[in-house]
**Student:** 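One structure, pasted below without further comment.
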Amino acid sequence: MAETIDGRKLARKIFLNLHLEMQQYRQHSCVPGLALVHVGKHPESQIYLRQKQKIAEELGIRVQLEHLSEQTNVEKIVDVIDRLNRDAMIHGILVQSPLPNRSQESEIFNHVAAEKDVDGFSAVNLGKLCQGDASGFWPCTPSGVYHMIQSTGIPIEGKRVVVLGRSLIVGKPMGLILMQNHSNANATVTFCHSKTRDMVDIMRQADIVIAAIGSPAFVKASMVKPGACVIDVGITRVPDPSKRLGYRLQGDVDFEAVSQVADFITPVPGGVGPMTIAMLMQNTFKAYQQQIE
Ligand code: GUN
């Protein structure tokens with residue numbers, strides 16, 4: 001039976017450390033400031049942003065919400081970002097994905113000043129990750145997953161990793177983090193996606209599987225090598241009449257069945273989600289420290 005990696009518990013530990021570190025800045029003239037830019041009214045995004053806001057404020061981070069209507073054009077969004085880039089009281093800027101027009105995401109992410117890009121989605125920060133330059137910001141979800149894998153004590157070096165999905169937000173940076181030339185990484189990474197052939201054969205060789213495709217319960221026990229570590233990044237609402245709200249949150253992994261085969265597994269909810277928020281808080285604090293120095 002797999003051991004469950006408790007994302008809430010790990011995140012709480014990080015919040016506690018951040019809280020203690022922030023005490024040292026109590027006398028400083030400004031508190032950390034985080035701007036959350038939300039375009040449109042994607043329902044999940046509203047929930048995620050509320051969670052981010054609540055936790056940030058509990059930690060003493062001042063949150064500024066910038067809500068723009070679904071019809072807002074790129075020029076207007078860029079104007080808002082430019083204003084936030086110039087605002088000395090704002091140290092971190094996050095543009096919530098997905099934007100109503102997904103094809104504009106990279107252009108918009110690239111407008112966030114690199115030193116305030118706490119989501120790590122700009123070309124500068126993704127480029128630094130690719131170059132192995134540790135001075136940038138890593139995207140929060142893959143960074144949280146990396147923490148979770150490290151928390152198991154599994155040596156990552158030399159392991160075979162399969163990343164399901166190749167998104168900018170999770171899949172691609174996840175692979176880059178795990179194959180860094182570093183003794184805590186150095187994994188052999190394979191990316192699988194919708195056009196991959198013989199996916200099950202590839203997956204069954206993986207010591208670590210990271211599922212980030214948004215396909216409910218896609219990963220079955222038969223696809224997983226016995227003893228593997230399985231990380232579930234997916235979170236989808238699926239209809240469930242037995243639940244009060246009429247739906248439940250389902251990850252990309254068939255949790256019950258895969259738990260019988262894997263050594264480590266993450267739950268949904270309570271797995272990767274809280275760690276994404278923890279990494280965002282950590283990045284925001286790092287941005288604040290760098291900018292006030
Ligand atoms: N949408 C899903 N995850 C994330 C995230 O980590 N950051 C942003 N900005 N949008 C997201």
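Because only heavy atoms are used, hydrogens play no part in the values below, and waters and symmetry mates are left out as well, while side chains stay in. Order of listing sets the numbers, starting from 1, for every ligand and every atom in it.
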**Student:** Among protein heavy atoms, which sits nearest to atom 1 (N) of ligand 1, and what does the distance come to when rounded to 0.1 Å?
**Tutor:**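 Ranking protein heavy atoms by distance from atom 1 (N) of ligand 1, first comes S97 O, 2.9 Å.
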
**Student:** Out of all atoms in ligand 1, which are within 4.0 Å of some heavy atom of T276? Include the element for each.
**Tutor:**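 So the answer, numbered in order with elements, is 6 (O).
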
**Student:** Does Y48 approach ligand 1 within less than 4.0 angstrom via side chain, backbone, both or neither, non-hydrogen atoms only?
**Tutor:**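 It is neither part, as no heavy atom is under 4.0 Å.
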
**Student:** Looking at E66 and R83, is there a salt bridge between them, counting it only when a charged N and a carboxylate O are closer than 4.0 Å?
**Tutor:**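 Here R83 pairs with E66 in a salt bridge, since their nearest N and O are under 4.0 Å apart.
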
**Student:** For ligand 1, is there an N or O atom under 3.5 Å from any N or O atom of P98?
**Tutor:**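 No; every N/O pair is 3.5 Å or more apart.
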
**Student:** Identify the two heavy atoms, one from L168 and one from F121, that lie closest to each other, and give their separation to 0.1 Å.
**Tutor:**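 Minimum heavy-atom contact is CD2-O, 4.4 Å.
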
**Student:** At less than 4.0 angstrom from any non-hydrogen atom of F121, what atoms of ligand 1 do you find?
**Tutor:**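 Per the distance check, 7 (N), 8 (C), 9 (N).
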
**Student:** Fit a plane to each ring of H91 and Y288, take the angle between them on a 0 to 90° scale, and name the class: parallel (under 30°), tilted (30 to 60°) or perpendicular (over 60°).
**Tutor:**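 Geometry flag for Y288 against H91: perpendicular rings.
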
**Student:** Would you say K172 and S167 are linked by a side-chain donor-acceptor pair, where the criterion is simply a distance under 3.5 Å?
**Tutor:**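 On atom types as modelled, these side chains do not qualify, holding no pair under 3.5 Å.
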
**Student:** As an exercise, identify every atom of ligand 1 less than 4.0 angstrom from a heavy atom of L94.
**Tutor:**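 Result: 9 (N).
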
**Student:** Applying side-chain contact (heavy atoms from CB on, under 4.5 Å) between L36 and each of R50, Q53, H67, report the one that passes.
**Tutor:**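 Among the candidates, only Q53 passes.
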
**Student:** In plain terms, say whether K159 and D207 are close enough for a salt bridge, that is, a side-chain N and a carboxylate O under 4.0 Å apart.
**Tutor:**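 Salt bridge absent between K159 and D207.
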
**Student:** In terms of residue, atom name and distance, what is the protein heavy atom nearest to atom 3 (N) of ligand 1?
**Tutor:**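 The answer is I169 CG2, 4.3 Å.
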
**Student:** Starting from atom 11 (C) of ligand 1, locate the nearest protein heavy atom and write down its residue, its atom name and how far away it is, to 0.1 Å.
**Tutor:**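 Protein heavy atom with the smallest distance to atom 11 (C) of ligand 1: Q96 NE2, 3.3 Å.
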
**Student:** Could you find the nearest protein heavy atom to atom 8 (C) of ligand 1 and give me its residue, atom name and distance?
**Tutor:**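 Answer for atom 8 (C) of ligand 1: D119 OD2, 3.2 Å.
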
**Student:** With heavy atoms under 4.0 Å as the rule, classify the contact between L280 and ligand 1 as side chain, backbone, both or neither.
**Tutor:**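 Near ligand 1, L280 shows nothing, with every heavy atom at 4.0 Å or more.
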
**Student:** Under 3.5 Å, is there a donor-acceptor pair between the side chain of N125 and the main chain of A114?
**Tutor:**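 Yes, the answer is positive, given that a donor and an acceptor are paired below the 3.5 Å cut-off.
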
